[in-house]
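Contents: one structure, followed by commentary.
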Amino acid sequence: IDNMNPRSLVTFLSRESGVPPYSIQDVKIYDKFSFIAVPFEDAERIIDAFKQGDGKRKRPLIERAKG
């Protein structure tokens, strides 16, 4: 999503997933992707909330970071 800052990204993720904003930590925004840190259970909730997608993207909007 374009033109996000850390606060707006946390607000968006919280609103869409139901995860409380205080659980979303260590937000890093780059040109083509962002990273956040959340407890495991909250990560699962966020991933599930964005699984369906909108049909416009080839990849999911949110996915687990690769190790």
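Starting from 1, each residue takes its place in the sequence as its number. Values reported hereafter were calculated over all heavy atoms of this structure, with side chains retained and with hydrogens, waters and symmetry mates removed.
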**Other cluster members, Tyr22 - Ile/Leu/Val/Met/Phe/Trp/Tyr, side-chain contacts below 4.5 Å** =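 Its cluster mates, by chain and number: none.
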**Item:** Under 4.5 Å side-chain linkage, directly or through intermediates, the cluster mates of Phe35
**Value:**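 Grouped by the 4.5 Å side-chain rule, Tyr30, Phe33 form the rest of the cluster around Phe35.
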**Asked** Hey, what do you get for OG (Ser17) to CD1 (Ile47), rounding to the nearest 0.5 Å?
**Response**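 With rounding to 0.5 Å, OG (Ser17) is 10.5 Å from CD1 (Ile47).
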**Request:** Can you measure from NZ (Lys51) to CD (Glu63) and round to the nearest 0.5 angstrom?
**Result:**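 That separation rounds to 13.0 Å.
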**Request:** Kindly write out the residues that satisfy side-chain contact (heavy atoms from CB on, under 4.5 Å) with Gln25, not counting sequence neighbours, or none if the list is empty.
**Result:**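 Once residues adjacent in sequence are excluded, Gln25 has no partner under the side-chain contact (heavy atoms from CB on, under 4.5 Å) criterion.
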**Item:** Nearest atoms (heavy-atom pairs only) where Glu16 meets Ala49
**Value:**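 Heavy atoms only, the tightest pair is O-CB, 3.7 Å.
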For residues 6-14, run the donor-acceptor check on the side chains, cut-off 3.5 Å, and write out each pair with its distance to 0.1 Å, sequence neighbours left out.
unit_1: Ser8; atom_1: OG; unit_2: Asn5; atom_2: N; d: 2.9
unit_1: Ser8; atom_1: OG; unit_2: Asn5; atom_2: O; d: 3.1
unit_1: Ser8; atom_1: OG; unit_2: Asn5; atom_2: OD1; d: 3.3
unit_1: Thr11; atom_1: OG1; unit_2: Arg7; atom_2: O; d: 3.0
unit_1: Ser14; atom_1: OG; unit_2: Val19; atom_2: O; d: 2.7

**SB check Arg45 Asp48 (cutoff 4.0 Å)** =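 No salt bridge links Arg45 with Asp48.
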**Request:** List in chain and number order the residues that pass side-chain hydrogen bond (donor to acceptor under 3.5 Å, both in side chains) with Ser23, two or more places apart in sequence or in another chain; answer none if no residue qualifies.
**Result:**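 Partners of Ser23 by the side-chain hydrogen bond (donor to acceptor under 3.5 Å, both in side chains) criterion, ordered by chain and then number, come out as Asp42.
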**Message:** Going by salt bridge (charged side-chain N to carboxylate O under 4.0 Å, His left out), name the pairs with one or both residues in residues 19-28, residues two or more places apart or in two chains.
**Reply:**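 Listed once each, the pairs are Asp26-Lys28.
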